[in-house]
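One structure below.
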Amino acid sequence: MKAIDNYIHPHGLLLRGALHPPEGGTVVLVGNAGPGLWQAFARARRAEDRPHELDAWTRRVMEPVAAAVGARVVFPFEGPPYHPFQRWAMAAEGLKPSPVGVLMHPVFGLWHAYRAALLFDARLPLPESAPAPHPCDSCDAKPCLSACPVGAFTAGGYDVAACRAHVRSAAGEACRAGGCLARHACPVGEAYAPGQAAFHMAAFAGLS
Ligand code: B12
């Protein structure tokens, strides 16, 4: 695990836990939180990779890492069918979904993501992961559920069409420029810098 960490750290990527899936072997998750990824990506991004610049950068970084450590690498953007990154994350780090669906991290809040998984045939020893309380359990106000300007988070689930239409509209400037207002309403963790938040929102809304 230390070797993987040494390879990914200069690229602003973090080890996000590991698990033994039922089909055997070991899955090691690689992701981001905090400003590291955005700084590394800003130095190495290439205009010719548009419209999927971050995905192309992730492949360029992670394929040599996988070769160096003798693993296969898979990505969250490959699909459908998609690799079960959220299920893996729940098993690897004990995370649980927030009321808005994105997994809640006790330190990073809703501001973290998964970029790749290294698949090893061997059953490697897993890193220690100390279980932390799920912050949403003690959050009575649940501001995430009422902050969305178009009420996209309902008892029936996440209204993707309403969210996307708003983000693309003139009225959606705040979400577009600064990131999802529901995620901003959560008191846990530190939000992405505005440039990064705007980049992800443009990708989500099909504006990039
Ligand atoms: C398709 C997709 C979307 C679609 C969602 C369509 C829909 N109707 O929900 C769209 C494009 C709308 C979308 C939007 C966003 N997404 Co998205 N998306 C994905 C993607 C590519 C595939 C998801 C999938 O189908 N997986 C396949 C199933 C089999 O995998 P799974 O892990 O087993 O899925 C399980 C969990 O999702 C779990 N689960 C989900 N919700 C809940 C709730 C409860 C209560 C429980 C128990 C379980 C549970 O149940 C699933 C079945 O087992 C994943 C990446 C990936 N490969 O997983 C990202 C991913 C889920 N998205 C992510 C993010 C961050 C977003 C956005 C916030 C992006 C943004 N704008 O900044 C938005 C908003 C989402 C929101 N508010 O909920 C992150 C979530 C990271 C995290 N912290 O959890 C992921 C993991 C991508 C990543 N690179 O990290 N997304």
Side-chain angles (χ1 to χ4, degrees), residues 13-14 16-17 19 21-23 27 29-34 37-38 41 51-59 61-62 73-117 119 134-137 142 144-168 172 174-186 188-208:
L13 293 167
L14 308 173
R16 299 296 313 274
L19 65 142
E23 58 274 22
V27 177
L29 292 177
V30 172
N32 69 278
L37 168 109
W38 190 244
F41 172 66
H52 300 295
E53 275 183 90
L54 185 59
D55 296 349
W57 172 84
T58 308
R59 274 191 193 280
V61 168
M62 288 306 302
V73 62
V74 298
F75 300 97
F77 48 82
E78 291 172 327
Y82 292 105
H83 300 288
F85 271 83
Q86 289 190 304
R87 205 183 317 159
W88 284 341
M90 290 189 255
E93 286 191 312
L95 303 189
K96 292 185 186 158
S98 66
V100 294
V102 176
L103 297 180
M104 163 60 62
H105 187 279
V107 175
F108 309 131
L110 303 177
W111 303 96
H112 65 104
Y114 302 91
R115 297 292 156 207
L119 310 186
H134 177 51
C136 309
D137 286 343
K142 306 235 181 307
C144 57
L145 287 177
S146 53
C148 174
V150 291
F153 302 103
T154 66
Y158 170 41
D159 186 343
V160 178
C163 169
R164 198 175 256 140
H166 178 73
V167 172
R168 296 173 73 112
C175 310
R176 211 161 47 238
C180 170
L181 299 184
R183 289 164 88 191
H184 274 293
C186 172
V188 185
E190 198 170 325
Y192 293 151
Q196 181 176 6
F199 175 89
H200 292 309
M201 288 310 264
F204 159 72
L207 297 169
S208 57

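Values reported hereafter were calculated over all heavy atoms of this structure, with side chains retained and with hydrogens, waters and symmetry mates removed. Atoms within each ligand, like the ligands themselves, are counted from 1 in listed order.
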Checklist entry - To the nearest 0.1 Å, how far is atom 78 (O) of ligand 1 from its closest protein heavy atom, and which atom is that? => result Val100 O, 3.0 Å

Checklist entry - Which residue holds the protein heavy atom closest to atom 33 (O) of ligand 1, what is that atom called, and what is the gap in Å? => result Arg87 NE, 2.8 Å

Next on the checklist: Checking contacts now, so for atom 76 (C) of ligand 1, which I'm interested in, is there any protein heavy atom under 4.0 Å?
Outcome noted: yes

Next on the checklist: Which residue and atom name correspond to the protein heavy atom nearest atom 41 (N) of ligand 1, and how close is it?
Outcome noted: Gly101 O, 4.0 Å

Checklist entry - Hey, is atom 87 (C) of ligand 1 touched by any protein heavy atom at less than 4.0 Å? => result no

Checklist entry - So which of Arg164, Met104, Arg115, Met90 gets nearest to atom 38 (C) of ligand 1, if we judge by its closest heavy atom? => result Met90

Next on the checklist: Just to confirm my output: which protein heavy-atom neighbour is closest to atom 30 (O) of ligand 1, and how far is it?
Outcome noted: Pro84 CA, 3.2 Å

Checklist entry - For the atom pair NE2 (His112) and CD (Glu190), what is the distance rounded to the nearest 0.5 Å? => result 14.5 Å

Checklist outcome for this item: Here the gap from Ser146 atom OG to Leu181 atom CG, rounded to the nearest 0.5 Å, amounts to 11.5 Å

Checklist entry - Within the structure, does at least one protein heavy atom fall under 4.0 Å of atom 50 (O) of ligand 1? => result no

Checklist entry - Within a distance of under 4.0 Å, is there any protein heavy atom near atom 64 (C) of ligand 1? => result no

Checklist entry - Is atom 13 (C) of ligand 1 in close reach of the protein, with a heavy atom under 4.0 Å away? => result no

Next on the checklist: Can you confirm whether Glu78 is buried at CD, in the sense that more than 12 heavy atoms of other residues, nucleotides or ligands lie under 6.0 Å from that atom?
Outcome noted: yes

Item to check | From Asp159 atom CG to His166 atom NE2, the distance as rounded to the nearest 0.5 Å | outcome: 12.5 Å

Next on the checklist: If you take the nearest heavy atom of each of Cys144, Cys175, Ala116, Pro97, which one is closest to atom 46 (C) of ligand 1?
Outcome noted: Pro97

Checklist entry - Is the closest N or O pair between Pro76 and ligand 1 shorter than 3.5 Å? => result yes

Next on the checklist: Just to confirm my output: which protein heavy-atom neighbour is closest to atom 8 (N) of ligand 1, and how far is it?
Outcome noted: Val160 CG2, 3.8 Å

Item to check | Per-atom contact, atom 67 (C) of ligand 1, protein heavy atoms, under 4.0 angstrom | outcome: no

Next on the checklist: Is atom 36 (C) of ligand 1 touching the protein, meaning some protein heavy atom lies under 4.0 Å away?
Outcome noted: yes

Next on the checklist: Less than 4.0 Å from atom 22 (C) of ligand 1, is there any heavy atom belonging to the protein?
Outcome noted: yes

Checklist entry - Can you tell me the protein heavy atom closest to atom 56 (C) of ligand 1 and the distance? => result His83 O, 3.5 Å

Item to check | Criterion ring-ring contact (aromatic ring centres under 6.0 Å, His included) on Phe41 and Phe199, from CA distance to verdict | outcome: CA-CA 12 Å; Phe41 172 66; Phe199 175 89; 5.4 Å; yes

Next on the checklist: Check contact between Phe153 and ligand 1, using heavy atoms of the residue and a distance below 4.0 angstrom.
Outcome noted: yes

Item to check | Evaluation steps, side chain to side chain contact (heavy atoms under 4.5 Å, CB included), between Leu95 and Phe108 | outcome: CA-CA 11 Å; Leu95 303 189; Phe108 309 131; over 6 Å; no

Checklist entry - Which option out of Val102, Leu110, Leu95 puts a heavy atom nearest to atom 83 (N) of ligand 1? => result Val102

Next on the checklist: Could you identify the single nearest non-hydrogen protein atom to atom 74 (C) of ligand 1 and state the distance to 0.1 Å?
Outcome noted: Tyr158 OH, 3.6 Å

Item to check | Results of ring pair (Phe, Tyr, Trp, His ring centres under 6.0 Å) for Trp88 - residues two or more places apart only | outcome: Phe85

Next on the checklist: Please identify which of these residues, Met104, His184, His105, meets the side-chain contact (heavy atoms from CB on, under 4.5 Å) condition with Leu110.
Outcome noted: Met104

Item to check | For Leu103, atoms of ligand 1 separated by under 4.0 Å from a heavy atom | outcome: 82 (C), 83 (N), 84 (O)

Next on the checklist: Working note: Tyr192 + His200, criterion ring-ring contact (aromatic ring centres under 6.0 Å, His included); need CA distance, chi angles, decisive distance, verdict.
Outcome noted: CA-CA 10 Å; Tyr192 293 151; His200 292 309; 5.4 Å; yes

Item to check | Gap separating the OG1 atom of Thr58 from the CG atom of Leu37, nearest 0.5 angstrom | outcome: 7.0 Å

Checklist entry - Distance from Phe204 atom CZ to Cys163 atom SG, nearest 0.5 Å? => result 3.5 Å

Checklist outcome for this item: Only residue of His83, Arg59, Arg115, His52 satisfying side-chain contact (heavy atoms from CB on, under 4.5 Å) with Phe77 is Arg59

Item to check | Options Tyr82, Tyr192, Tyr114, Phe77, ranked by nearest heavy atom to atom 24 (C) of ligand 1, top entry | outcome: Tyr82

Item to check | Gap separating the CG atom of Asp137 from the NZ atom of Lys96, nearest 0.5 angstrom | outcome: 5.5 Å

Item to check | Arg176 (side chain) donor-acceptor with Val167 (main chain) under 3.5 angstrom | outcome: yes

Checklist outcome for this item: of all protein heavy atoms, closest to atom 15 (C) of ligand 1 is Phe204 CD1, 4.5 Å

Checklist outcome for this item: A student comparing Gln196, Met201, Arg183 should find that the heavy atom closest to atom 69 (C) of ligand 1 comes from Arg183

